[in-house]
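Worksheet: one structure, shown below.
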Amino acid sequence: MNAVGLTPIIPIVFAFALPLFSILIKGNRKIVQTYALIGTGLTLISSFKLFQLAYSSSTPLVYTFGKWVAPVGIVYEVDKLGALIALVTAGLMFLITIYSYRYLEHDEGLEWYYTLYLGLEAGLLGVLLTGDAFNLFVMIEVTSIAAYALVMFYRDRGDSVTAGLKYALIGAVGTTMYFLALGVFYGAFGTVNFADLAAKVHGLSFPVTGGPVGSIILASGVALALATWAFLIKAAIVPNHFWLPEAHPAAPSPISAILSGLVVNVGVYALIRFLYTVYGGQLTPELAHVVSMLSVIVIALGAISALFGALMMNVQRDVKRLIAYSTIMHMGYLFMAVGLGTSLGLQAALFHIVNHAIAKALLFLAAGVFIHAVGSRNIEDLAGLGRRMPIATFSLAIATLSLVGIPPLNVFFSKLLLFNALIERSLVLALVLVISSVIALVAYMRVFYVIWLRKPKENLETKEPTSMSLICLLLALTVIVIGLTAPIIVDKLITPAAVQTLDYQKYIHAILEVAKNLG
């Protein structure tokens, strides 16, 4: 089996085997931790191999399950866009596995935590690698169910269970809407394969499924509206944001880092796949009108989310709620960029997905070190801890300065790309980016002031947990290195991925080639 098929299968096999394995080892924590490290480590190696293959190939990679070719069977189709985000996802999941062990040292149920954790990773990778809209639904469900359960990990805490149930309820509404969209797509196009859908949208022929039935204009309008609403929920865009500020703080800090850094990307990635792969390029005037209307709505909701998230950050007392609102702000930026429908907008979105994932994970993990020390998420309770924990404080500083957009850190460069992409469309959109960043800076500085300069409430004897702080330090250095090498990364990784994503014909052709070879 090649790297495309293997990458999401490794974590799912490890996830299914862990409950049985933990019975044999009688729940030994060190063995469970080692098992999780091997699972996420092998997934990272496979993701890196996949990344190398995708970037050395001029066409997307295709893997057919059981030799059933699209559109009859489910295929994985991996372009540079999916491979890059998959590598970032696998890398962060591996590092957060190391961080989790010390963070959860006093908690029971480590084997269940890692079972869900590996399931979450499998779901995320499946979303990024699939070439089939129905399989995307399945993988979103796998991701979501693992995420709901992990939010409720502290099941003896009322806030954790309530937040998890709210998240599950709104998430179920989202996936149901997407499922209805699939029904409309299938009813009109006779397929749910991305390449086949793209071919029919652009008036090209595809074997087996024949031509569209009925009005593809009406079907596209209804299906895209339903699917986009589902993706707005998954990415926590206003007005579908309300589950996130409760769910992310209630989860253990390592899970908060994954939810805010990686899981919310599912909505953005799925929207990119539909707007750029299926409905990209030259369309008939009627279809182009449908897509442009949708894009305007996406940009407007993104702008509202950016400003709303930034303002709400300033009234939070819970440090993790504050960071969660920052996620809503950054998701707003991403939806604004994706809605532009331009090459520069796509480059900016892709670079910001990568930069935000790393910096936001770092911010939650650094905050997690302080929360672990005092057992409280209240900003006032963290007063004065900064001087006792220099590595965590340095990491927190790097993460906050990066997310605000201070050069030469990584997010500055993706914000610069975002600014250039947005100003091409409208000065107002570019100002939304600048104003929200300034408002967020005020909120971050308040947190930093309390942790670093305020006198501690009591004489706390705290030591920095080595493994947790070293992961924070590694990510902080990554943020700096990406910032310093940003022009090279954009040139070598981001631009080729954006160019390939915009080339829907290559995406269609890759599947047809495989079908011809197997046929």
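The aromatic rings of Y167 and Y148 stand perpendicular to each other, their planes meeting at an angle above 60°, with 30° marking the opposite boundary. Relative orientation of the F274 and F194 rings is perpendicular, given thresholds of 30° and 60° on the angle between their planes. Using cut-offs of 30° and 60° for the angle between ring planes, the Y178 and F137 rings count as tilted. In this pair, Y333 and H330 present their aromatic rings perpendicular. The plane angle is above 60°, beyond the 30 to 60° band.
Between F51 and Y55, the ring center distance clears the sub-6.0 Å criterion.
When each of V264, V266, L271, I272 is checked for a side chain to side chain contact (heavy atoms under 4.5 Å, CB included) with V268, only I272 meets the rule. Among H356, K320, H248, the one residue that satisfies the side chain to side chain donor-acceptor pair (under 3.5 Å) test with S260 is H248.
At a threshold of 4.5 Å between non-hydrogen side-chain atoms, the residues N265 and M331 count as touching. Counting heavy atoms from C-beta outward, L362 and I358 have side chains that stay 4.5 Å or more apart. Side chains of V338 and Y276 form a contact here, defined as non-hydrogen atoms less than 4.5 Å apart. Looking only at side-chain heavy atoms (C-beta outward), Y507 and R273 come within less than 4.5 Å of each other.
Looking at E380 and R317, no side-chain N of the basic residue comes within less than 4.0 Å of a carboxylate O on the acidic one, giving no salt bridge.
In this structure I297 satisfies the side chain to side chain contact (heavy atoms under 4.5 Å, CB included) test together with L301, sequence neighbours excluded.
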Query raised in the report: Passes side-chain hydrogen bond (donor to acceptor under 3.5 Å, both in side chains), K80 versus S57? Steps please.
Result: CA-CA 9 Å; K80 293 179 173 73; S57 169; over 6 Å; no
Requested in this report: Output, in order, the C-alpha distance, side-chain angles, deciding distance and verdict of side-chain contact (heavy atoms from CB on, under 4.5 Å) for M93 and T43.
Outcome: CA-CA 9 Å; M93 294 295 281; T43 309; over 6 Å; no
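Between the D132 side chain and the V75 main chain, no donor and acceptor come within less than 3.5 Å of each other.
One distance of note links CD1 of I371 with CG of L382; it measures 6.5 Å at 0.5 Å rounding.
When all heavy atoms are compared, the tightest approach of V442 to N314 is CG1-OD1, 3.5 Å.
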